[in-house]
Amino acid sequence: MYISVKEAAEKFNISKRRVQILCEQGRISGANMVSGVWLIPENALKPADGRRKHIDEKQMSFFDISQNALSIDDICKLLSISKATAKNWIRLGKLVPDIDGKLFSSEYIEKFIDELNSDDNTKLKSRRNKKSAAGKVLYKDYVQTEYNQKLVAELLELGVIENEKDLLVLLANFAVQLYYQSRGITYPDNYILSYFLSQEQTDVFHILIRDLIGNETIDSSVIKKLYSALTKKILFVKGEDTLGFVYISLRDIGRRKTSGIYYTPTRVVKEMIERLCENDANLKEKTICDPCCGTGNFLLSLGTKGINYSNLYGQDIDPISVHLARINIALTFPEISVPDLRSRITIGNTYFECFPQKFDVILGNPPWGSDFSEENAAKCRKLFKTATGKSLEAYDLLVEKALSMLCCNGVLAFVLPEAILSVAAHSAVRRLILDSCSFKFITYLGNVFSGVHCPSIILGITPDDNKTAVGCRVAIGNKRFLISQPRSFFDGTLSFNVSDEENECLNAISSIENAAYLKGNAKFALGIVTGNNKEYISDEKRDDNEVILKGSNILRYSKTNSGSYIRFVPESFQQVAPTEMYRAKEKLLYRFICETPVFTYDNEQTLSLNSCNIVIPEIDGLDIKYILAILNSSVAAYFISKKFNSIKLLRSHIEQMPIPVVTVNTQTAIIKKVDRIMCSAENIRGLYMDLDQDIMDLFNLSAKHRSVIKNALQGKNSFLTI
């Protein structure tokens with residue numbers, strides 16, 4: 001038997017928040033999160049005399065040390081903030097350890113949360129982690145049928161779905177509507193779930209509906225409360241996950257984000273299936289598994305391609321999602337049996353358990369950024385090569401797990417953040433792929449998830465001994481090309497957004513002789529994050545403030561007037577670099593967000609916000625203005641934009657740009673042209689183009705490569721003037 005967090009709190013005379021923390025930290029054996037709600041085995045904790053005594057020593061330490069003292073890790077999970085944010089709040093005195101100056105009493109944290117959630121507290125709310133976001137949202141892109149989009153919008157507006165029971169009843173009611181529609185059976189216009197269940201039948205669909213509802217009692221009070229929603233009609237569209245659309249739109253968004261769940265739009269699902277069909281003309285004959293299937297949208301789409309249900313498998317940790325996936329499959333394949341459904345679409349944690357057999361194709365959209373309990377994190381570190389670093393990334397682990405589930409010559413196709421191709425945090429999974437796989441296809445999707453600014457890709461790989469990119473099909477918008485030349489990824493960065501010709505140009509830049517790099521030869525710093533711009537930044541100049549620059553004020557070789565002034569009190573800011581970085585005699589400033597690298601020179605000790613970062617080169621024998629010319633060149637713009645394909649200019653990107661080591665005389669000639677551009681009101685574009693040719697000469701680029709660079713940058717902003 002399971003009890004709720006509320007029941008556990010009452011039983012053991014502790015707060016609900018403390019019970020929730022125990023569950024999140026994995027300190028209550030057998031506790032499971034089901035649809036965002038913790039369920040606790042009734043016998044997991046045993047009360048005793050006075051203070052609680054518990055089975056697990058970890059539980060005892062949590063309850064008994066220093067009157068329920070909480071660590072920084074504890075409060076980060078409870079407040080849904082990062083550890084860096086917590087430390088900043090402590091440094092600023094906004095969060096105060098009240099036990100020995102290191103730990104926090106539960107009473108203090110409970111009071112802090114109440115203040116944080118109060119309507120008049122806006123100071124810290126804006127810094128809370130995105131995972132604390134709550135509320136319902138319409139995932140309009142998940143389905144393409146306007147009628148069903150409008151239906152869910154109306155349900156959100158009604159606001160009658162207040163808890164999981166309400167949602168289950170609504171989903172079951174809509175599932176019955178879809179059942180009748182899919183079979184061409186006329187049904188009454190009013191509430192039909194009770195009519196359906198009153199028929200003492202044991203066919204597949206009755207069993208599936210009862211599985212979904214579980215032990216929930218549907219009495220007259222529930223029907224009365226939900227009647228306005230239950231009498232609405234949903235439209236059956238073959239191959240469309242309409243039930244999943246209702247579920248994800250009416251489920252609390254905070255719970256989705258804690259689980260790392262970002263539901264895949266229909267167009268992305270279709271794109272993946274098309275890429276798989278291109279890759280294998282015999283896809284219908286292959287066994288296919290989605291190890292994080294959710295409500296089954298990928299499997300549902302495969303069903304419309306004539307693939308037999310006996311070849312489809314799926315698993316998910318969320319029971320409601322699995323019940324809906326089974327219903328979806330039953331709507332598509334009426335002949336399927338309940339045992340088949342239960343054996344093929346299963347509930348489970350794919351990191352630690354899955355099907356015993358191997359599969360020809362693994363596909364899907366694994367979780368992004370989901371939280372791990374301490375217990376599960378420890379298990380993952382023992383099981384996975386990709387479980388490196390302080391925090392674990394769910395999709396890295398799932399790539400490794402999925403590769404182990406494939407048959408010989410099988411294909412893995414996942415929707416993933418584009419960051420997996422180049423960001424240092426994912427180097428372990430890239431190394432795993434490079435050491436064991438060939439690349440079959442990749443589609444650059446851009447930002448495709450509602451409300452999430454994260455460029456994404458579809459990556460198709462296959463484990464084999466060839467370990468090659470030759471034959472890989474690449475799609476970027478309307479651009480399509482086939483990689484026909486071998487590629488080396490010596491630095492571990494996977495650059496697939498370039499054609500063979502463009503890749504040759506990248507290699508030419510990378511392979512220059514006698515190059516220096518800023519990695520290990522420069523100081524980097526982020527701009528200021530005040531934590532409260534209204535308090536520290538003004539549009540009026542006063543005696544106690546000074547100019548501060550934003551990224552939008554940075555042009556190549558110049559700065560514009562920001563019109564913003566900051567009161568510089570670094571000890572009060574949320575994020576600030578050492579003062580000497582801002583006050584350096586010479587430094588380079590650059591835009592953090594931009595389609596191409598944009599740098600300028602500063603010798604006025606100017607302050608900058610976090611959209612404008614700092615680098616101070618320290619390469620022996622190379623002048624800062626010479627390095628500025630290299631970083632502002634079209635060669636650097638091409639190299640960085642093509643190699644990393646990111647609008648964010650990261651330190652790691654800058655560090656990998658080759659800097660030609662040249663004589664003092666050559667540098668002097670370059671610097672004279674830099675000074676002329678910086679100080680002149682004449683034809684800056686002409687001066688820049690002249691300097692740019694000099695930089696290309698330093699890289700010994702052929703006419704062909706210069707043409708490739710010119711074509712790649714055509715139409716992009718030069719950022720020479722406003």
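All values derive from a computational prediction rather than experimental measurement. If you read the sequence from its start, that first residue is 1, and numbering goes on from there.
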Donor-acceptor pair, side chain of [X] and main chain of [Y], under 3.5 angstrom:
{"X": "Tyr444", "Y": "Asn497", "result": "yes"}
{"X": "Ser427", "Y": "Ala424", "result": "yes"}
{"X": "Gln575", "Y": "Ile528", "result": "no"}
{"X": "Tyr688", "Y": "Asn632", "result": "yes"}
{"X": "Arg591", "Y": "Gly551", "result": "yes"}
{"X": "Ser641", "Y": "Ala637", "result": "yes"}
{"X": "Arg480", "Y": "Gly477", "result": "yes"}
{"X": "Arg430", "Y": "Val423", "result": "yes"}
{"X": "Ser456", "Y": "Cys454", "result": "yes"}
{"X": "Ser511", "Y": "Asn507", "result": "yes"}

Nearest 0.5 Å, please: how far is [atom2] in [Y] from [atom1] in [X]?
{"X": "Asn545", "Y": "Arg567", "atom1": "CG", "atom2": "CZ", "result": "9.0 Å"}
{"X": "Leu631", "Y": "Leu518", "atom1": "CG", "atom2": "CG", "result": "6.0 Å"}
{"X": "Ser572", "Y": "Glu535", "atom1": "OG", "atom2": "CD", "result": "7.5 Å"}
{"X": "Ile640", "Y": "Ile509", "atom1": "CD1", "atom2": "CD1", "result": "10.0 Å"}
{"X": "Lys559", "Y": "Leu589", "atom1": "NZ", "atom2": "CG", "result": "6.5 Å"}
{"X": "Ile457", "Y": "Ile420", "atom1": "CD1", "atom2": "CD1", "result": "6.5 Å"}

Exercise. Hey, is NZ on Lys479 packed in by over 12 heavy atoms from elsewhere, all under 6.0 Å?
Worked result: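 Yes, because the 6.0 Å sphere around NZ of Lys479 holds more than 12 heavy atoms from other groups.
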Problem set entry | Enclosure of Asp435 CG (heavy-atom neighbours >12, cutoff 6.0 Å) |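 Yes.
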Exercise. Please walk me through it: do Lys440 and Arg473 pass side-chain contact (heavy atoms from CB on, under 4.5 Å)?
Worked result: CA-CA 6 Å; Lys440 308 303 289 184; Arg473 291 183 171 90; over 6 Å; no
Problem set entry | salt bridge (Lys or Arg N to Asp or Glu O under 4.0 Å) between Lys541 and Glu546, worked out | CA-CA 7 Å; Lys541 180 70 180 79; Glu546 59 184 292; over 6 Å; no
For this session: Would you sort out whether Met272 and Val268 count as a side-chain contact (heavy atoms from CB on, under 4.5 Å), showing the intermediate values?
Result: CA-CA 6 Å; Met272 178 182 286; Val268 176; 5.8 Å; no
Problem set entry | Trace of the side-chain contact (heavy atoms from CB on, under 4.5 Å) decision for Leu720 with Leu555 | CA-CA 6 Å; Leu720 290 169; Leu555 301 174; over 6 Å; no
Closest heavy-atom contact between [X] and [Y]?
{"X": "Ile709", "Y": "Ser634", "answer": "CG2-O, 3.7 Å"}
{"X": "Ile616", "Y": "Glu586", "answer": "CG2-O, 4.0 Å"}
{"X": "Asn561", "Y": "Gly563", "answer": "OD1-N, 3.1 Å"}
{"X": "Tyr582", "Y": "Lys587", "answer": "O-NZ, 2.9 Å"}
{"X": "Ser564", "Y": "Ile537", "answer": "CB-CG2, 4.2 Å"}
{"X": "Leu482", "Y": "Asp500", "answer": "O-OD2, 4.0 Å"}

Exercise. Going through the checks in order, is the side-chain contact (heavy atoms from CB on, under 4.5 Å) test met by Arg651 and Glu655?
Worked result: CA-CA 6 Å; Arg651 171 178 176 170; Glu655 288 179 332; 2.9 Å; yes
Is [Y] paired with [X] through a side-chain N to carboxylate O contact shorter than 4.0 Å?
{"X": "Lys523", "Y": "Glu618", "value": "yes"}
{"X": "Asp697", "Y": "Arg706", "value": "yes"}
{"X": "Arg267", "Y": "Asp141", "value": "no"}
{"X": "Lys625", "Y": "Asp623", "value": "no"}
{"X": "Lys673", "Y": "Asp690", "value": "yes"}

For this session: Could you give me the CA-CA distance, side-chain angles and deciding distance for Thr386 and Glu400, then say whether side chain to side chain donor-acceptor pair (under 3.5 Å) is met?
Result: CA-CA 7 Å; Thr386 53; Glu400 182 175 350; 2.7 Å; yes
Problem set entry | Test side chain to side chain contact (heavy atoms under 4.5 Å, CB included) applied to Ile442 and Leu421, Leu494, Leu416, Ile458, the passing residue |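 So the option named by the test is Leu421.
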For this session: Quickly, which of Asp464, Thr462, Asn466 forms a side-chain hydrogen bond (donor to acceptor under 3.5 Å, both in side chains) with Ser438? Name it, please.
Result: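 With Ser438 as partner, side-chain hydrogen bond (donor to acceptor under 3.5 Å, both in side chains) holds for just one option, Asp464.
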Exercise. Under the side chain to side chain donor-acceptor pair (under 3.5 Å) criterion, do Ser633 and Asp692 qualify, and how do the steps go?
Worked result: CA-CA 6 Å; Ser633 68; Asp692 207 48; 4.6 Å; no
Exercise. Do Arg583's NZ or CZ and the ring of Phe568 fall within the cation-pi criteria of under 6.0 Å and 45°?
Worked result: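 Arg583 over Phe568 ring: yes.
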Exercise. Going through the distances and angles, do Asp602 and Thr606 end up as a side chain to side chain donor-acceptor pair (under 3.5 Å)?
Worked result: CA-CA 7 Å; Asp602 179 69; Thr606 314; 2.7 Å; yes
For this session: Test ring-ring contact (aromatic ring centres under 6.0 Å, His included) on His426 and Tyr395 and set out the steps.
Result: CA-CA 10 Å; His426 308 296; Tyr395 57 81; 5.2 Å; yes
Exercise. What residue pairs, at least two apart or across chains, pass ring-ring contact (aromatic ring centres under 6.0 Å, His included) with a residue in residues 604-650?
Worked result: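 Sorted result for residues 604-650: Phe644-His653.
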Exercise. Which residue pairs pass the ring-ring contact (aromatic ring centres under 6.0 Å, His included) test with at least one member in residues 519-557, sequence neighbours excluded?
Worked result: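 For residues 519-557: Tyr536-Phe573.
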For this session: Say whether Arg556 and Ser718, considering side chains only, have a donor N or O and an acceptor N or O under 3.5 Å apart.
Result: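 No donor-acceptor contact under 3.5 Å links the two side chains.
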Exercise. Side chains of Thr668 and Asn665: do they bring a donor and an acceptor to under 3.5 Å?
Worked result: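 There is no such pair between these side chains.
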Problem set entry | Partners passing ring-ring contact (aromatic ring centres under 6.0 Å, His included) against Phe599 (at least two apart in sequence or in another chain) |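 In terms of ring-ring contact (aromatic ring centres under 6.0 Å, His included), with neighbours along the sequence ignored, Phe599 is linked to Tyr590.
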Exercise. Centroid-to-centroid, Phe481 to Phe496, below 6.0 Å?
Worked result: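 So the answer is no for these two rings.
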For this session: Let me see the working for Glu502 and Lys642 under salt bridge (Lys or Arg N to Asp or Glu O under 4.0 Å), right down to the final yes or no.
Result: CA-CA 8 Å; Glu502 290 170 327; Lys642 287 295 183 180; 3.4 Å; yes
Exercise. Should Arg275 and Thr443 be marked as a side chain to side chain donor-acceptor pair (under 3.5 Å) after you check the CA-CA gap, both sets of side-chain angles, and the distance that decides it?
Worked result: CA-CA 9 Å; Arg275 300 315 296 272; Thr443 298; 2.4 Å; yes
